[in-house]
Chemist: 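I'd like to ask you about the structure that follows.
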Amino acid sequence: MGTRSQVPVNVDTDRLVRHYHNMCRVRAFEETALEALEQGLVPGPLHPSIGQEAVASGVCANLDADDILLSTHRGHGHTLVKGAAPLAMMRELLGRAGGCCGGKGGSMHIADFSVGMLGANGVVGANILIATGAAHAIRLKGETRVAVCIFGDGAINRGPFLEGLNWAKIFTLPVLYLCEDNDFAATTRTRSVSAGDGPGARAESLGIPSLAVDGNDVLEVDAAVRDTLAALRDGGGPRFIHARTYRLSGHTAADAAAYRDSGEVAERWLNDPIARAAQMLRNTGMAADALDEIAREARRAMRAVLDEARTTPWPEDRQAHLDVQDTLGPGLARAD
Amino acid sequence: MGTRSQVPVNVDTDRLVRHYHNMCRVRAFEETALEALEQGLVPGPLHPSIGQEAVASGVCANLDADDILLSTHRGHGHTLVKGAAPLAMMRELLGRAGGCCGGKGGSMHIADFSVGMLGANGVVGANILIATGAAHAIRLKGETRVAVCIFGDGAINRGPFLEGLNWAKIFTLPVLYLCEDNDFAATTRTRSVSAGDGPGARAESLGIPSLAVDGNDVLEVDAAVRDTLAALRDGGGPRFIHARTYRLSGHTAADAAAYRDSGEVAERWLNDPIARAAQMLRNTGMAADALDEIAREARRAMRAVLDEARTTPWPEDRQAHLDVQDTLGPGLARAD
Amino acid sequence: MYRTPWVRVSRGPIESMAICSYLAAGKAALDEEMQRDATVWALGEDLGRGGVFGQYAGLAERFGRQRIVDTPISEAAILGTAVGAAMTGTRPVVEMRFSDFALCAIDELVNQAAKARYMFGGQTRVPLVVREPVGMWRSSAAQHSQSLESWYTHIPGLVVVMPSTPADNKGLLKTAIRSDDPVVYMEHKDLWGLEGEIPEGEHLVEFGRARVVRSGSDVSLVSWSKTVHTAAEAARKLASEGIEAEVIDLRTLWPWDEETVHASVAKTGRLLVAHEAVGVSGFGAEIVASVCEQLHDALRAPPRRITAPRVPIAYSPPLEDLARVTTDRIVEAVRQSMSE
Amino acid sequence: MYRTPWVRVSRGPIESMAICSYLAAGKAALDEEMQRDATVWALGEDLGRGGVFGQYAGLAERFGRQRIVDTPISEAAILGTAVGAAMTGTRPVVEMRFSDFALCAIDELVNQAAKARYMFGGQTRVPLVVREPVGMWRSSAAQHSQSLESWYTHIPGLVVVMPSTPADNKGLLKTAIRSDDPVVYMEHKDLWGLEGEIPEGEHLVEFGRARVVRSGSDVSLVSWSKTVHTAAEAARKLASEGIEAEVIDLRTLWPWDEETVHASVAKTGRLLVAHEAVGVSGFGAEIVASVCEQLHDALRAPPRRITAPRVPIAYSPPLEDLARVTTDRIVEAVRQSMSE
Ligand SMILES: Cc1ncc(C[n+]2csc(CCOP(=O)(O)OP(=O)(O)O)c2C)c(N)n1
Ligand SMILES: Cc1ncc(C[n+]2csc(CCOP(=O)(O)OP(=O)(O)O)c2C)c(N)n1
Ligand SMILES: [Mg+2]
Ligand SMILES: [Mg+2]
């Protein structure tokens with residue numbers, strides 16, 4: 001991509017700066033979390049979204065606080081841009097008190113219901129049905145907000161994809177399905193196990209209008225999502241967006257991704273959505289320094305977040321038994 | 001349809017007579033079973049396929065004995081044409097010894113593995129995965145036979161539809177999916193809960209070639225299936241056929257189907273596939289008497305089958321505990 | 001944010017009694033709760049035409065197609081969308097038709113509904129009811145006859161309810177609908193036609209309170225769902241032999257009324273648990289284990305379970321009968337226990 | 001018609017021993033069985049690159065992509081197609097990755113695989129193995145840590161295997177692959193790296209034979225899977241206090257070795273069951289119930305279960321630890337039992 005200069009003519013610079021800022025924060029959050037993992041501070045698995053930040057920002061920056069978002073195991077970026085506090089998120093990753101789930105969920109279950117983020121999910125595809133149901137409730141209650149479900153390219157081969165999309169269409173629900181296609185499902189090239197012409201074709205066979213976008217071009221994602229949300233709010237029923245991106249890191253932090261060659265990854269780094277946004281901004285005349293400062297500031301902020309999170313105490317022991325259910329029954333009265 | 005005379009020019013009369021014969025036998029088997037039910041001889045539920053016999057014959061008469069067939073809860077016709085003995089089937093419906101499943105399955109689990117009929121199923125859509133797996137085994141073993149899965153229009157909204165079809169396509173399996181669309185899923189008009197352009201469109205979105213046929217025209221079903229099976233045996237991967245028909249009876253024998261008006265049903269009776277085949281045969285010059293005799297003979301044969309089945313003893317008590325699993329463990333040693 | 005307030009369950013005043021079937025009682029419960037709370041809705045296959053057993057007959061006409069929702073055959077979606085809708089300010093009542101089909105939606109129930117409150121640190125609640133008709137009924141064979149209640153008692157986060165009478169079917173379903181946690185609500189198909197008295201007016205039954213069907217001093221007979229009636233019948237027979245059985249209907253398996261059961265066994269010194277499900281790892285094992293752990297010295301005879309053998313349910317009636325818990329089997333087990 | 005002949009399981013001659021990890025033992029078992037029988041194949045996500053824990057590393061290169069099959073994320077199809085393939089003359093080994101994901105394929109396992117042989121009157125067999133790695137491992141939280149073995153013991157038609165050592169992981173997996181009935185095969189994720197001796201040559205372990213890990217006369221300590229090691233450690237501590245615990249590793253939960261357990265309790269008079277799963281309706285309840293029913297008079301103290309509380313598994317390590325069965329908890333429970 002290098003010195004590409006195909007800046008959209010009427011680029012909304014403020015908007016692009018906000019996206020750039022969001023993406024830098026997401027990248028910084030995850031890089032900091034990976035450092036924390038290396039230092040032994042993160043007890044569970046991390047699924048980084050490095051290289052996919054344009055999807056997080058392009059989608060989630062378009063959502064109102066009361067719009068509903070469902071995400072995946074790779075959901076830090078979505079959650080952060082939807083408005084969750086990075087400190088509460090970092091505490092969650094570290095399993096500490098004050099984590100957004102009180103330390104009980106970890107990265108795979110990150111959620112902040114106060115900003116409409118109803119959860120990452122440890123089960124691929126399960127979020128599709130939950131988002132569809134949230135949209136069903138919205139419709140039942142006659143509300144105007146919408147639900148958005150982000151899922152990976154791997155999820156399109158699970159039953160809930162069919163059942164959820166069919167459901168949303170027959171009940172004309174206000175839900176946007178966004179397939180964040182990063183080429184991989186764990187160590188598998190998803191296209192090698194996915195029949196047909198891809199996610200969009202499947203959605204269209206169910207009568208759901210679908211768009212394909214370059215998921216590394218934040219403005220393209222942004223524009224597609226904005227238009228689609230407007231259509232959704234008009235009550236036309238569900239919509240589908242297929243965003244093609246690439247997972248620059250391994251599946252988890254522990255995955256060296258030896259199943260793909262380094263040349264491929266190096267080439268894909270040239271298409272880094274953050275670098276692309278920066279280039280566009282430079283093309284509009286913005287100073288490289290100012291851009292760098294945004295990135296540095298994001299890193300400083302996330303380091304501060306980590307510093308605070310790591311000194312936060314563990315959850316109290318009694319939390320282990322709280323929030324199971326109201327009716328505890330005899331089992332919990334026993335010592336074991 | 002009445003006096004319609006659009007007989008295909010080169011109609012293979014022998015073939016059509018065989019289909020007519022098959023369809024009369026299926027109709028007679030089910031009518032006899034319904035009589036048995038009214039007499040209190042059938043302890044469990046029956047799902048008649050009256051009006052859908054052209055699918056049973058058009059599909060199953062094209063299968064070799066070692067081809068594999070998976071069917072549904074509405075599977076008497078498929079099973080009979082695939083080659084199961086009507087006496088063993090009737091005994092099964094009556095829960096008697098010598099039933100094809102020893103009386104342990106009943107109508108919903110009718111099966112005859114000796115003729116490649118690997119079972120009806122009590123769970124809508126579950127047969128899709130089993131058939132796909134049978135095709136996978138065929139491919140692994142390098143065999144030339146094929147698998148056929150017949151399912152209803154209701155099954156296309158269950159997850160296994162997506163997962164199974166995707167699977168068959170990516171592994172290029174020799175399996176024909178045949179959607180027997182009788183307009184209803186129990187009391188629900190299936191199209192009211194099915195998004196998009198129907199079963200075929202869904203299959204095509206997965207890269208599976210699809211054909212639509214008039215499921216009440218046995219020659220059209222026959223021709224489509226014959227061609228498709230030839231393609232399957234050539235190794236081109238899975239195929240799909242959407243056969244439109246109509247369920248003339250209720251969902252079960254106990255269902256009066258008050259949710260549709262009698263005018264609709266009366267009109268649909270004019271499209272009875274058996275009457276249509278008879279008409280075509282008369283048009284080729286076959287005597288009405290000869291046709292009637294085929295139907296009468298089928299009824300006599302099935303009555304004889306019922307007479308024999310009803311005098312068959314119940315299964316022995318020890319059957320209750322047999323064929324659970326080889327390793328019984330301590331539980332079965334106990335009296336309770 | 002999207003929470004509905006937790007309603008404390010209490011017993012309403014009993015004004016008078018009316019005769020009503022188990023099926024109608026369930027329908028009345030849903031009807032009343034739908035009138036009371038506009039966020040209650042029901043979804044499942046064929047509900048618009050009353051549902052497969054008629055449990056919903058007339059409700060679509062009364063509440064409209066928005067609140068009595070006809071669904072595709074998509075069990076995973078029926079349950080999974082209910083989870084999302086429950087998190088978003090509504091109270092879905094999910095109809096699974098036969099409990100066996102709920103096996104198509106176990107991820108949604110066990111990994112999602114049951115765990116969401118805990119996993120998200122109390123940020124959300126999942127107030128949904130899953131109706132799962134259970135049991136042997138009209139020779140329906142292996143895939144339409146199961147009773148898997150013990151599975152759900154094993155899953156933290158789930159409430160498990162198994163009413164045996166019309167009154168309880170009304171009172172417990174109303175309580176279930178008001179519960180802020182997911183409830184697996186298992187009606188027995190063979191009880192639909194059972195008639196019984198129902199208190200008029202607001203009738204709610206608390207979770208975790210067993211019903212002592214019959215007092216007795218010789219043996220404690222614990223059961224639930226349809227088998228309660230078999231146990232009661234056995235107790236009547238035994239009474240004619242001079243054996244006084246205390247029959248306890250657990251009504252809810254989680255929470256279960258350990259207190260009532262333990263008090264009974266402390267009195268009688270003998271425990272028998274009778275249930276329709278397979279014995280191995282059935283909920284009877286949990287009750288026996290709990291009593292043996294805590295009342296070892298009070299037991300005057302070994303505990304016993306009267307259950308189904310570990311076999312699938314056969315279609316043929318005589319074979320099916322061999323898996324059935326009968327009055328005779330219970331009577332015989334009690335007699336043996338009394339002789340120990 | 002499509003049956004493969006039933007192979008009787010016997011113990012092969014033990015030639016010599018080699019040191020091997022639990023993970024490598026499982027791989028060796030699959031490798032040997034795939035060499036022995038061309039109808040054996042494995043399917044699951046990422047298997048071509050070794051599977052998520054490396055249990056399949058190198059096998060795709062050795063046996064080709066036809067027999068080590070990379071699948072889409074379609075758990076229902078992975079299991080459901082295996083059912084059809086098992087009915088059609090092959091022996092699929094199904095990899096579910098985490099046992100929690102098997103909840104996406106319960107209809108296929110419970111309604112189809114487990115019941116087919118019976119429901120079709122013995123016309124077919126379903127010789128498949130479902131590998132379901134279980135248990136707490138590296139703070140994986142509520143959806144990646146479950147141990148639901150008791151569910152499967154409740155289902156007629158299923159065999160349930162839970163090896164605790166490398167030798168057993170080899171011998172039991174080989175037996176499982178030769179079984180003509182469906183086997184739920186639960187490896188513990190936290191044992192992958194455990195090293196131990198493995199008999200060289202053909203090594204098969206029969207289903208339904210417990211292993212007495214340590215003999216003792218004071219108390220019977222029954223366990224399986226990872227918790228066997230915790231129990232053995234507790235027994236060592238107790239020995240230093242003069243308490244001799246007999247530690248029994250069940251190895252298979254269905255069939256389970258009632259004989260060995262009962263003989264042990266008849267000797268010691270004391271039963272403790274320790275398992276990682278939730279206690280309520282866990283398999284410990286079945287063992288306790290079975291012993292109390294049949295050995296009531298032999299018990300000198302109430303039986304006890306040391307299990308997880310009925311809570312989902314939390315992410316945060318200190319909270320997760322509170323759900324763990326530890327050596328200390330077992331030691332303490334035994335001490336209390338000895339004082340009764
Ligand atoms: C039902 C289920 N099966 C398998 C897994 C294990 N798993 C976790 S993430 C993942 C890959 C998912 O791929 P995709 O949907 O493309 O999302 P990505 O990881 O690429 O963001 C797999 C297989 C799971 N979590 N849930
Ligand atoms: C998973 C599942 N859900 C629900 C049912 C109940 N049920 C039995 S048949 C049927 C209708 C099926 O419709 P379709 O697939 O069109 O087949 P048809 O009955 O029309 O032949 C339903 C809902 C079932 N057997 N399995
Ligand atoms: Mg992906
Ligand atoms: Mg239909």
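Keep in mind that this is a model prediction, so the values were computed, not measured. First the proteins, then the strands, lettered A, B, ... as listed; each starts at 1.
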Chemist: Measuring only between side-chain heavy atoms, which start at C-beta, is B:Pro43 closer than 4.5 Å to C:Arg138?
Modeler: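 B:Pro43 vs C:Arg138: side chains apart.
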Chemist: Where do B:His109 and C:Ala142 come nearest, in terms of heavy atoms and distance?
Modeler: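 For B:His109 versus C:Ala142, the nearest heavy atoms are NE2-N, 4.5 Å.
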Chemist: Less than 4.5 Å apart, any side-chain heavy atom of B:Met108 and any of C:His144?
Modeler: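 Side chain of B:Met108 against side chain of C:His144, heavy atoms only: contact under 4.5 Å found.
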Chemist: Shortest non-hydrogen contact from C:Gln143 to B:Gly122?
Modeler: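 Heavy atoms of C:Gln143 and B:Gly122 come nearest at OE1-N, 2.8 Å.
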Chemist: Listed by residue number, which members of residues 55-73 of chain C have a heavy atom under 4.5 Å from any heavy atom of chain B?
Modeler: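 The list, in residue order, reads C:Asp70, C:Thr71, C:Pro72, C:Ile73.
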Chemist: Within residues 150-162 of chain B, which residues come under 4.5 Å of chain C, heavy atom to heavy atom?
Modeler: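 Result: B:Gly154, B:Asn157, B:Arg158.
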Chemist: Using a cut-off of under 4.5 Å for heavy-atom pairs, which of B:Asp323, B:Asp317, B:Thr190 has the most such pairs with chain C?
Modeler: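 With the most close heavy-atom pairs to chain C, the winner is B:Asp317.
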Chemist: Report the C-alpha distance between B:His321 and C:Arg310 in whole Å, list the side-chain angles of each, state the deciding distance to 0.1 Å, and finish with yes or no for side chain to side chain contact (heavy atoms under 4.5 Å, CB included).
Modeler: CA-CA 9 Å; B:His321 298 269; C:Arg310 195 171 176 278; over 6 Å; no
Chemist: Could you name the residues of residues 316-326 of chain C that have a heavy atom within less than 4.5 Å of a heavy atom in chain B?
Modeler: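 If one takes a 4.5 Å heavy-atom cut-off, the residues of residues 316-326 of chain C near chain B are C:Ser316, C:Pro317, C:Pro318, C:Leu319, C:Leu322.
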Chemist: Count the heavy-atom pairs under 4.5 Å between each of B:Ser194, B:Pro315, B:Ala185 and chain C, then report the option with the highest count.
Modeler: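 Most pairs with chain C among the choices: B:Pro315.
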Chemist: Using a 3.5 Å distance criterion without hydrogens, assess whether the side chain of C:Tyr315 forms a donor-acceptor pair with backbone atoms of B:Leu94.
Modeler: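 Flag not set: sc C:Tyr315 to bb B:Leu94 has no pair under 3.5 Å.
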Chemist: Below 4.5 Å, heavy-atom pairs only: which of C:Gly50, C:Gly48, C:Cys104 has the largest tally toward chain B?
Modeler: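 Option with the greatest count: C:Cys104.
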Chemist: For residues B:Thr188 and C:Arg49, determine if any side-chain heavy atom of one lies less than 4.5 Å from a side-chain heavy atom of the other.
Modeler: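 Side chain of B:Thr188 against side chain of C:Arg49, heavy atoms only: contact under 4.5 Å found.
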Chemist: Could you list which of residues 177-184 of chain B have a heavy atom closer than 4.5 Å to any heavy atom of chain C, in residue-number order?
Modeler: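 Those residues of residues 177-184 of chain B which would need a heavy atom under 4.5 Å from chain C do not exist here.
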Chemist: Does B:Glu38 CD have over 12 foreign heavy atoms under 6.0 Å away?
Modeler: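 No, not enclosed.
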Chemist: Between B:Asn121 and chain C, which part of the residue has a heavy atom less than 4.5 Å away: side chain, backbone, both or neither?
Modeler: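 When you check distances to chain C, atoms from both the backbone and side chain of B:Asn121 fall under 4.5 Å.
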Chemist: Looking at C:Ala314, C:Ala77, C:Ser140, which has the largest count of heavy-atom pairs under 4.5 Å with chain B?
Modeler: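 The option with the most such pairs is C:Ala314.
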Chemist: Which atoms of B:Val124 are under 4.5 Å from chain C, going by heavy atoms: the side chain, the backbone, both sets, or neither?
Modeler: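 Contact with chain C: side chain only.
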